[in-house]
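Written out below as structure tokens is the structure these notes cover.
The basis for the numbers below is simple: all heavy atoms, side chains too, and nothing from hydrogens, waters or symmetry mates. Since this is a predicted model, take the numbers as computed values, not measurements.
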Amino acid sequence: MTAPEPVPVGPVPGGPGVPVPARGAWLRRGISRDGGPLTEDSEVVWLQVGSCYADSRGFAGTTSFDGSRVHFRHLTGEPGEDTGTFRREGANLVEWGTNPDGSTFLEVWTPLPGADGVTGSWSGPDHHVVRVGRHVVHVDSRTGTYWRL
């Protein structure tokens, strides 16, 4: 896969961003931090069901779309909110955004096979679980964990 070149955070080339799909299981194929090279140092899975999401890095919550950017509000795990602008590149989603500390990132997300079937989002005191087909991410105050069923 050819990775896009990192660009400054701001409007996505070619127009405003798109909302994230209401259902999806995504594997991160690479990240560029603050305009650096696109690399990957760990397996990161993001699951989305409706407005609920869970990220295997250890945060989960809700998403909203303001017509251009997607806001990820962290309700469980690592506190904060980050904002990204998405565009489609074939089957992939390419995200430009900012972290709560002001640093920037570009991430390339590719759909995971096995996302058909059961979906759900469950939360309780200090935990959140999202399932998309064969994929499950559990987040609590200590960590995020990904399982493939």
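Side-chain contact between Ser56 and Val139 is absent, with no heavy-atom pair separated by less than 4.5 Å. At least one side-chain heavy atom of Leu106 sits less than 4.5 Å from a side-chain heavy atom of Leu38. Using a 4.5 Å heavy-atom cutoff, the side chains of Arg33 and Thr104 are not in contact. Considering only heavy atoms from C-beta on, Phe59 stays 4.5 Å or farther from His128 through its side chain.
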Checklist entry - Hey, mind stepping through Arg28 and Glu107 against salt bridge (Lys or Arg N to Asp or Glu O under 4.0 Å) and telling me if it holds? => result CA-CA 7 Å; Arg28 189 174 73 185; Glu107 292 176 297; 3.0 Å; yes
Checklist entry - Could you go step by step and tell me if Asp66 and Ser68 meet the side-chain hydrogen bond (donor to acceptor under 3.5 Å, both in side chains) rule? => result CA-CA 6 Å; Asp66 68 9; Ser68 180; 4.9 Å; no
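With Glu43 contributing its side chain and Val45 its backbone, the two residues share no donor-acceptor pair below 3.5 Å. Ser32 places a side-chain N or O within 3.5 Å of a backbone atom of Gly36 that can act as its donor or acceptor partner.
Checked by atom type, the side-chain pair Ser103/Asp34 shows no donor-acceptor distance below 3.5 Å. One side chain, Asp82 or His74, offers a donor N or O that lies under 3.5 Å from an acceptor on the other.
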Using a 3.5 Å cut-off and no angle test, enumerate the donor-acceptor pairs between side-chain atoms of residues 140-149 and protein atoms at least two apart in sequence or in another chain.
residue: Asp140; atom: OD1; partner: Arg142; partner atom: N; Å: 2.8
residue: Asp140; atom: OD1; partner: Thr143; partner atom: N; Å: 3.0
residue: Asp140; atom: OD2; partner: Arg142; partner atom: NH2; Å: 3.2
residue: Ser141; atom: OG; partner: Asp126; partner atom: OD1; Å: 3.3
residue: Ser141; atom: OG; partner: Asp126; partner atom: OD2; Å: 3.2
residue: Tyr146; atom: OH; partner: His135; partner atom: ND1; Å: 2.7
residue: Arg148; atom: NH1; partner: Pro113; partner atom: O; Å: 3.2

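Ring geometry for Phe72 against Trp46 counts as perpendicular: the plane angle is over 60°, on a 0 to 90° scale with 30° as the lower cut.
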